[in-house]
K.L.:
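Next up is a structure, given as structure tokens.
Side-chain atoms are counted along with the backbone in the values below, which use heavy atoms only and exclude waters and symmetry mates. Note that the numbering runs from 1 along the sequence shown for the chain.
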Amino acid sequence: MILPMAKPGLFTVGVFTFTASWSEFLMALTFNSENSFRTIPVGIALFGTQFTVPFAQIFAASVAATVPIVILVLVFRRSIVSGLTSGAVKGDASIDS
């Protein structure tokens with residue numbers, strides 16, 4: 001009984017957690033010493049050299065990193081909105097001032 005009612009909220013938390021871990025920068029830069037464990041933002045930040053900044057490659061990699069998140073949100077937008085609004089007050093909520 002509890003799980004079906006909590007499913008939209010749990011799903012929304014899962015999408016937000018995935019988004020946060022997908023775009024993690026500071027912890028991945030600090031604690032990961034191997035190239036195979038770096039996140040996408042850390043890899044994009046390390047594209048440049050001392051004298052050049054390849055803006056075209058940085059922008060292309062940023063779009064490629066954003067596309068999975070956009071697709072995830074577009075596919076599950078009804079569940080996300082349901083989870084965000086599941087705790088909203090419905091009906092006549094008159095508050096005495």
Side-chain angles (χ1 to χ4, degrees):
M1 182 169 163
I2 294 173
L3 189 61
M5 292 178 67
K7 193 187 317 183
L10 291 173
F11 187 79
T12 303
V13 168
V15 169
F16 286 157
T17 303
F18 175 76
T19 303
S21 64
W22 183 264
S23 61
E24 172 61 40
F25 183 79
L26 188 60
M27 298 278 281
L29 182 64
T30 305
F31 296 127
N32 290 337
S33 59
E34 295 184 29
N35 289 339
S36 61
F37 294 128
R38 288 192 176 141
T39 59
I40 292 175
V42 174
I44 292 171
L46 298 176
F47 271 173
T49 62
Q50 183 178 0
F51 299 109
T52 61
V53 179
F55 287 111
Q57 287 86 0
I58 290 173
F59 292 149
S62 299
V63 168
T66 306
V67 167
I69 298 294
V70 170
I71 291 172
L72 182 75
V73 169
L74 287 177
V75 168
F76 297 112
R77 66 178 172 239
R78 289 183 189 230
S79 298
I80 293 171
V81 170
S82 173
L84 289 173
T85 58
S86 64
V89 177
K90 296 181 182 178
D92 185 28
S94 59
I95 299 175
D96 295 328
S97 298

K.L.:
Could you tell me whether the side chain of W22 and the main chain of A65 form a donor-acceptor pair under 3.5 Å?
P.N.:
yes
K.L.:
Are I71 and F76 co-members of a hydrophobic cluster defined by side-chain heavy atoms under 4.5 Å apart?
P.N.:
yes
K.L.:
Working to the nearest 0.5 Å, report the span between CD1 of I44 and CD of Q57.
P.N.:
11.5 Å
K.L.:
Same cluster or not: F59 versus V63, using hydrophobic residues (I, L, V, M, F, W, Y) connected whenever any side-chain heavy atoms lie under 4.5 Å apart?
P.N.:
yes
K.L.:
Could you give the distance from CD1 (I69) to CG (L74), rounded to the nearest 0.5 Å?
P.N.:
11.5 Å
K.L.:
Is it possible for you to say whether F11 and V75 belong to one hydrophobic cluster, with membership spreading through side-chain heavy-atom contacts below 4.5 Å?
P.N.:
yes
K.L.:
Once rounded to the nearest 0.5 Å, what's the spacing between atom CG of L26 and atom CD of E24?
P.N.:
6.5 Å
K.L.:
Rounded to the nearest 0.5 Å, what's the gap from CZ on F25 to OG1 on T39? Could you check?
P.N.:
7.5 Å
K.L.:
As an exercise, state the distance from OG of S21 to CZ of F16, rounded to the nearest 0.5 Å.
P.N.:
13.0 Å
K.L.:
So which heavy atom on F47 is nearest to which on I58, and how close?
P.N.:
CD1-CG1, 3.8 Å
K.L.:
Restricting to non-hydrogen atoms, name the atom on P54 and the atom on G48 that form the minimum distance, rounded to 0.1 Å.
P.N.:
CD-CA, 3.7 Å
